[in-house]
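Written out below as structure tokens is the structure these notes cover.
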There are 2 protein chains.
Amino acid sequence: MKSKTHKDDGVGYSISQMCKRTGYTADTLRFYEKAGLLPDVRRAGGRRVYTDEDYYSICIVTCLKKTGLPLAEIRRYMELTKRGERSVGQRLELMRRHEAEVKKKMDVLRVCEERIAFKVWYYETAKHEGLKAVKDIDATLERYRCETGRKVDF
Amino acid sequence: MKSKTHKDDGVGYSISQMCKRTGYTADTLRFYEKAGLLPDVRRAGGRRVYTDEDYYSICIVTCLKKTGLPLAEIRRYMELTKRGERSVGQRLELMRRHEAEVKKKMDVLRVCEERIAFKVWYYETAKHEGLKAVKDIDATLERYRCETGRKVDF
DNA sequence: ATATCACTTGGAGTAAACTCCAAGTCAAGG
DNA sequence: CCTTGACTTGGAGTTTACTCCAAGTGATAT
């Protein structure tokens, strides 16, 4: 005999289970739902019951978020998803644009990382030989190039 | 004869010149100074006069900011810088820690970018063949692997 | 001399993304 | 029946990083 309580209907997770699975707090999951970042989550007796589908949606959201897509854009994406087949073109557009953004971001990070690596080397040298040993910027950059084979542009 | 006005003392930039050079707004530069992210900028007749030194400081700040170091940490770094030689060890520490963070961030971005690339392929395929052609997740992932030689882990 | 213009200050306001809280509900165990 | 505990809601508060504003100053152009 089928039960209507969420405990018994076989598949579905409570909010606390979803928190464990995703690493989000319950407040954040509720906030995301309110903000339209998740497909409408089913209720049983007033409580949220998450499906595996919901979990995958959350994963995409996480991925988009980690790569810096603002919540408003994620929301837009989710709204497109709900509109089904006819929004595929727009979703493709959105993903392509975001992919380009992510690549740009990675390039920026790469360049900055090089400069930070130089700073690490700089302070290592300064720690051993004193700050005066690295006072002359041009000479220090040249020395860095020689010692590490890497260059850094100012 | 030496003048005391900032226009005549040879080296130094006004805030608007610095804005052009760095891309920041005047408000942001003032905000950064107030927040302790820059060494104390010299004044001439009440106006800020930026040096090349200041410019380099701003560049470092930009670099740290772009890689996600919060302003509070940047402020701490700048305070260490002002303490001279005896803070070199701490500055090294800070830079090393941040470099590790940046590397972690790049790894995350790489993984997410792979998933987004898959989504792009997914919607390209869906656009040509309809959403039903990519309905089965496992089959679609396999097809993606075959067609692109790339894998994506869920 | 006066108007213009870039600058000054302190402080208030904004946007994004949570994060916390109070008050209430609901099912299960003792 | 009563308590417990995980959940519900709406709404207020927080943090970060700016961004804007009003009122004022000081040098230069007409």
Side-chain angles (χ1 to χ4, degrees), chain A residues 2-9 12-38 40-50 54 58 60-78 98 101 105, chain B residues 2-9 12-38 40-50 54 58 60-78 98 101 105:
Chain A
K2 272 181 192 169
S3 165
K4 280 209 150 187
T5 73
H6 66 284
K7 282 287 182 83
D8 303 321
D9 54 13
Y13 315 86
S14 71
I15 197 167
S16 58
Q17 286 175 305
M18 209 39 145
C19 287
K20 263 172 214 152
R21 207 171 169 193
T22 61
Y24 289 111
T25 66
D27 264 324
T28 302
L29 284 181
R30 284 190 278 253
F31 168 75
Y32 281 0
E33 192 183 333
K34 220 190 282 183
L37 271 59
L38 306 182
D40 302 319
V41 178
R42 190 165 52 98
R43 308 297 158 109
R47 314 287 172 87
R48 284 167 180 81
V49 179
Y50 293 89
D54 293 329
I58 295 169
I60 303 285
V61 167
T62 303
C63 182
L64 295 175
K65 233 176 50 62
K66 277 184 183 167
T67 50
L69 195 69
L71 296 199
E73 278 295 285
I74 299 177
R75 179 204 172 104
R76 206 183 132 251
Y77 171 67
M78 282 305 176
H98 185 51
E101 282 303 311
K105 224 171 265 248
Chain B
K2 273 180 190 167
S3 165
K4 283 209 146 186
T5 73
H6 67 283
K7 280 284 180 85
D8 304 319
D9 53 13
Y13 315 87
S14 71
I15 198 166
S16 59
Q17 285 174 307
M18 209 41 146
C19 288
K20 265 172 213 151
R21 208 171 169 193
T22 61
Y24 289 112
T25 66
D27 264 324
T28 302
L29 284 181
R30 284 191 277 255
F31 168 74
Y32 280 1
E33 193 183 331
K34 220 190 283 185
L37 271 60
L38 307 181
D40 302 320
V41 178
R42 191 164 54 98
R43 308 297 157 107
R47 313 286 172 85
R48 285 169 181 81
V49 179
Y50 293 90
D54 293 330
I58 294 169
I60 304 284
V61 168
T62 303
C63 182
L64 295 173
K65 235 177 46 64
K66 277 183 182 166
T67 49
L69 195 68
L71 296 199
E73 277 295 286
I74 299 178
R75 179 205 171 101
R76 205 183 132 250
Y77 171 67
M78 281 306 176
H98 186 51
E101 282 303 312
K105 225 171 264 243

| query | How many Å lie between CZ on Arg48(B) and P on dC7(C), as a whole number? | reply | 11 Å
| query | Considering only heavy atoms from C-beta outward, does the side chain of Thr62(A) approach that of Lys65(A) to under 4.5 Å? | reply | no
Find every protein N or O atom lying less than 3.5 Å from an N or O atom of nucleotides 18-20 of chain C, and list the pairs.
from, atom 1, to, atom 2, distance (Å)
dC18(C), OP2, Tyr32(A), OH, 2.7
dC20(C), N4, Asp27(A), OD1, 3.2

| field | Minimum side-chain heavy-atom gap Arg43(B)-Arg48(B) below 4.5 Å | value | yes
| request: Choose from dA6(C), dT9(D), dA17(D) the nucleotide whose nearest atom is closest to any side-chain atom of Pro70(B). | output: dA17(D)
| Under a 4.5 Å cut-off applied to non-hydrogen side-chain atoms, are Phe31(A) and Leu71(A) in contact? | yes
| field | Distance test, side-chain N/O of Ser14(A) to OP1/OP2 of dA6(D), below 4.0 Å | value | no
| remark: Ile74(A) atom CD1 is separated from dA16(C) atom P, nearest whole Å, by 13 Å
| request: Could you check how far CZ of Arg47(A) sits from P of dG24(C), rounded to whole Å? | output: 16 Å
| message | Quick one, Thr67(B) and Lys105(B) - any side-chain contact, counting heavy atoms below 4.5 Å? | response | no
| request: Specify the closest pair of heavy atoms between Val49(B) and Ala44(B), including all atoms of both residues, with the distance to one decimal. | output: CG2-CB, 3.7 Å
| Those residues that, when tested against Tyr24(A), pass ring pair (Phe, Tyr, Trp, His ring centres under 6.0 Å) (two or more places apart) | Tyr32(A)
| query | When the distance from CZ of Arg30(B) to P of dG10(C) is rounded to whole Å, what number comes out? | reply | 12 Å
| note | When rounded to whole Å, the CG to C1' distance for the pair Leu29(A) and dT9(D) reads 16 Å
| task | Starting at atom CD of Glu33(B), determine the distance to atom P of dC18(D), rounded to an integer number of angstrom. | result | 15 Å
| request: For Arg43(B), answer base if it contacts any base atom (sugar-phosphate contacts may also be present), sugar-phosphate if it contacts only those atoms, and nothing otherwise; contact means non-hydrogen atoms under 4.0 Å. | output: sugar-phosphate
| query | Arg76(A) versus Glu73(A): any side-chain heavy-atom pair under 4.5 Å? | reply | yes
| field | Angle of first-five versus last-five pair axes in the helix from dA1(C)-dT30(D) to dG30(C)-dC1(D), to 10 degrees | value | 20°
| remark: Heavy-atom closest pair (Ala26(B) atom, Ile15(B) atom, distance to 0.1 Å) is O-CD1, 3.8 Å
| task | Can you tell me the distance, in whole Å, between the NZ atom of Lys34(A) and the P atom of dA17(C)? | result | 16 Å
| query | Would a 4.5 Å heavy-atom cut-off, applied to side chains only, mark Val61(A) and Met78(A) as touching? | reply | yes
| request: Mind calculating the distance between NZ (Lys66(A)) and P (dA17(C)) to the nearest angstrom? | output: 16 Å
